[in-house]
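The structure appears below as structure tokens.
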Amino acid sequence: MILDFLGTHQRTHTCGELRAADAGKTVTLMGWVNRRRDHGNLIFLDLRDRYGITQIVLDKEISPEGHPKAEHVRPEYVVAVIGRVRLRGADAINPKMPTGEIEIAATELLVLNDSKVPPFSPAEPAISNEELRLKYRYLDLRRPEMAHNIEIRHKIALAVREYLNAQGFYEIETPFLTGSTPEGARDYLVPSRVNPGTFYALPQSPQLFKQILMISGLDKYFQIVRCFRDEDLRADRQPEFTQIDLEMSFPQQDTVFAVVEGFLKSAFEVAGEAIDTPFPRMTYDEAIRLYGSDKPDQRLPPITDVRDAFTADEIAALRIEGGLPILAIVLPGQTEMSNTQRKAFVEELNTAAGPDLAFLDIRRLEKAAQFSALAQRIDAAAARACGLPRVEPENRLIVFSPRQGVTPPARDHLWLFKKAGQLRLDLARRFENEHHAFEKKGSAGDYKFLWVTDFPFFEWDEESKTWTFAHHPFTSPHEDDLKAGRMESDPEAVRALAYDIVLNGMELGSGSIRIHRQDIQSQIFRALGISDEEAKKRFGFFLEALQYGTPPHGGIALGLDRIIMILAGASSLREVIAFPKTAKAIDLMVDAPSTVRDEQLKELHIRPVIRS
Ligand code: ASP
């Protein structure tokens with residue numbers, strides 16, 4: 001097909017713009033052919049661009065030159081149309097399309113470019129082959145669903161920027177070619193050509209730079225920034241992802257919380273969602289005791305310790321451990337199970353939990369004369385804690401306890417709560433069609449935000465049998481714990497000034513108040529088993545900087561991709577990133593990573609030895 005030149009044509013409107021009030025105007029539209037319908041003398045083209053779709057009619061009578069061209073036009077050809085806006089006949093109005101009341105009677109058609117037959121049509125709302133979508137991402141991004149996600153992403157990032165700008169934050173870029181930042185993942189390394197044998201690391205976060213910016217007196221920093229972490233990819237992780245990263249001088253935790261609440265409110269607003277601020281808070285200890293998790297999903301009732309409902313005799317008769325909590329989980333809105341189903345369910349829970357735990361069948365207890373009063377007391381205690389009038393029969397009550405003689409693991413006195421937390425989530429997922437707690441109701445209650453504070457400073461690492469940092473090694477311990485000398489006397493009890501922001505059971509971000517004194521930073525490195533020498537080698541520049549008048553400072557980083565995924569109602573991070581990687585960290589469109597030419601390696605002073 002012979003292609004037309006653009007000449008001096010300019011588009012006057014987008015494909016999403018024209019309405020009934022524009023009838024009679026002469027317009028020029030340009031875009032892609034979404035679909036084409038040939039009715040002989042009339043050929044209809046749906047013309048698509050980022051803004052929408054407009055119906056074009058090529059009538060042999062009105063456009064004797066355009067009509068034969070339209071016969072050869074195919075989907076994804078790029079065309080320019082000049083014509084008049086006219087109202088559609090009543091029976092041809094499409095109320096589902098914003099432009100559905102009009103069409104363009106074309107007088108001229110320019111075919112600006114042709115297209116190979118695409119491997120899938122961007123006109124289809126759902127394409128099941130994700131690999132194909134990623135390989136031909138440019139076609140995938142033509143789909144209105146994807147264009148919408150990209151638009152939301154842009155608007156949210158802009159709202160965050162505007163909010164932070166109004167609060168006096170500067171957006172400051174920090175380097176990508178840099179040294180290692182410890183965030184618990186492996187580094188992506190970049191060899192240096194001009195310095196043989198040396199490597200840059202891509203930043204796992206701008207952590208040290210943002211702290212240095214505070215030492216530099218810049219007071220309030222933020223950056224919407226790419227971070228790189230070479231991790232074994234779990235579902236829904238990306239090797240490069242975007243953070244809303246910020247740091248402030250002289251803040252209390254509350255100061256940081258207020259800023260985050262402010263920009264999240266703006267971000268949700270642009271997506272048409274109202275949220276209530278300030279967000280509730282809970283310490284790590286409370287979160288574990290109430291939800292068995294450091295990222296509680298508060299859309300379902302908490303875990304309850306119903307130990308007090310039991311007498312010593314009942315505990316002995318049931319052969320459960322009296323010295324430890326007896327925990328109850330309530331799942332609201334269940335349909336009742338038959339006797340057989342219930343028995344099988346309790347048995348299944350018992351088998352899955354292993355020999356240490358015993359699940360009680362409340363219904364059976366209810367029926368046994370010896371335990372019926374107990375069953376009622378458990379029921380009442382669990383109901384009270386969940387703010388429910390009564391647990392049975394429309395709610396499912398799961399009660400379990402360690403069996404007689406079971407002792408908790410030495411380094412984890414909260415183990416039982418954590419087990420309950422996992423079980424609570426597994427059951428919540430399994431019965432989600434019965435309790436409906438995960439469905440959006442269209443109110444502020446859809447978004448259960450929470451600050452979790454006072455994380456333990458140290459985490460026990462079973463592998464190395466040492467204490468390691470729970471957040472990162474620049475996080476400040478509680479001043480009280482330092483003053484009380486707990487660093488040495490009772491490391492397990494030391495609390496970090498670290499906090500997480502959680503939404504519906506998902507961690508959206510973490511941050512902390514930092515160590516601003518060099519003496520404390522050295523003490524922490526020592527406590528973490530990082531020798532002075534190693535600390536100097538890895539973070540010498542930073543330890544040096546700390547000695548030049550470092551103000552108290554703190555900050556946080558939130559995952560932007562996840563926030564957008566939630567607001568776009570998308571099912572995966574890949575839906576809201578223009579060019580994402582697969583679960584194997586591959587860019588299918590570019591075909592990266594790939595091998596490189598021998599000369600390139602030579603220049604980099606690298607000789608690859610592939611070990612299997
Ligand atoms: N650098 C931390 C992270 O990426 C966030 C922070 O502490 O501000 O998780």
Side-chain angles (χ1 to χ4, degrees), residues 96 145 148-149 151-160 162-163 236 244 257-282 286-287 290-304 329-335 382-391 394-396 421 424-425 427-453 499-509 558-573 575-576:
K96 286 197 211 115
E145 293 79 6
H148 171 74
N149 289 355
E151 180 188 1
I152 285 210
R153 185 176 182 113
H154 160 74
K155 286 189 170 159
I156 288 172
L158 191 62
V160 171
E162 280 172 348
Y163 181 86
D236 235 17
I244 306 168
F257 291 1
V259 170
V260 173
E261 285 162 0
F263 77 62
L264 281 178
K265 207 175 171 76
S266 302
F268 273 62
E269 230 162 64
V270 295
E273 304 281 351
I275 55 173
D276 293 332
T277 54
F279 305 149
R281 299 174 192 190
M282 196 177 277
E286 285 171 317
L290 284 171
Y291 295 94
S293 162
D294 59 4
K295 32 180 187 293
D297 190 336
Q298 294 186 297
R299 289 172 299 178
L300 282 166
I303 299 160
T304 321
I329 301 167
V330 174
L331 281 178
Q334 302 294 312
T335 42
R384 214 176 314 120
C386 303
L388 293 166
R390 196 172 165 246
V391 178
E394 65 288 339
N395 298 302
R396 185 162 298 149
R424 176 177 171 271
L425 285 184
L427 293 173
R429 249 173 252 132
R430 173 160 157 193
F431 295 110
E432 70 178 283
N433 294 332
E434 292 185 41
H435 59 68
H436 305 291
F438 299 159
E439 284 166 20
K440 264 182 90 173
K441 320 263 176 341
S443 65
D446 287 339
Y447 298 106
K448 297 273 192 209
F449 282 100
L450 178 72
W451 289 106
V452 179
T453 63
Y499 32 80
D500 274 5
I501 179 158
V502 173
L503 169 58
N504 294 347
M506 253 179 297
E507 181 197 311
L508 283 191
L558 278 76
L560 178 69
D561 308 295
R562 178 140 291 134
I563 293 172
I564 297 178
M565 180 179 126
I566 293 164
L567 286 174
S571 55
S572 123
L573 292 179
E575 299 295 312
V576 297

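It should be emphasised that the depicted structure is a prediction, and the values quoted were computed from it without experimental measurement.
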Return all side-chain donor-acceptor pairs below 3.5 angstrom for residues 257-271, not counting sequence neighbours, or 'none' if the list is empty.
residue	atom	partner	partner atom	Å
E261	OE2	F279	N	3.0
E261	OE2	W451	NE1	2.8
K265	NZ	I275	O	2.8
S266	OG	G262	O	3.3

When rounded to the nearest 0.5 angstrom, what distance separates [atom1] in [X] from [atom2] in [Y]?
{"X": "L508", "Y": "L558", "atom1": "CG", "atom2": "CG", "value": "6.0 Å"}
{"X": "E507", "Y": "K295", "atom1": "CD", "atom2": "NZ", "value": "6.0 Å"}
{"X": "M506", "Y": "F449", "atom1": "CE", "atom2": "CZ", "value": "9.5 Å"}
{"X": "L503", "Y": "I566", "atom1": "CG", "atom2": "CD1", "value": "4.5 Å"}
{"X": "I156", "Y": "I564", "atom1": "CD1", "atom2": "CD1", "value": "5.0 Å"}

Non-hydrogen atoms of [X] and [Y] that approach each other most closely:
{"X": "N149", "Y": "E575", "value": "ND2-O, 2.9 Å"}
{"X": "P302", "Y": "A385", "value": "CG-O, 4.1 Å"}
{"X": "H436", "Y": "E439", "value": "ND1-OE2, 2.9 Å"}
{"X": "I152", "Y": "A568", "value": "CD1-CA, 4.1 Å"}
{"X": "L300", "Y": "P332", "value": "CD2-CD, 3.6 Å"}
{"X": "L573", "Y": "M565", "value": "N-SD, 3.5 Å"}

Just by modelled atom types, is the [Y] backbone N or O under 3.5 Å from a matching donor or acceptor in the [X] side chain?
{"X": "D294", "Y": "A287", "result": "no"}
{"X": "R424", "Y": "S293", "result": "no"}
{"X": "N504", "Y": "K448", "result": "yes"}
{"X": "D500", "Y": "V502", "result": "no"}

Is there side-chain contact between [X] and [Y], with heavy atoms separated by less than 4.5 Å?
{"X": "L290", "Y": "P296", "answer": "no"}
{"X": "L567", "Y": "V576", "answer": "no"}
{"X": "D297", "Y": "Y291", "answer": "no"}

Worksheet entry | Any residue meeting salt bridge (Lys or Arg N to Asp or Glu O under 4.0 Å) with E151, in chain and number order, not counting sequence neighbours | K155
Discussion item. Taking R153 first and then D561, would you say they form a salt bridge - that is, a charged N and a carboxylate O separated by under 4.0 Å?
Written reply: yes
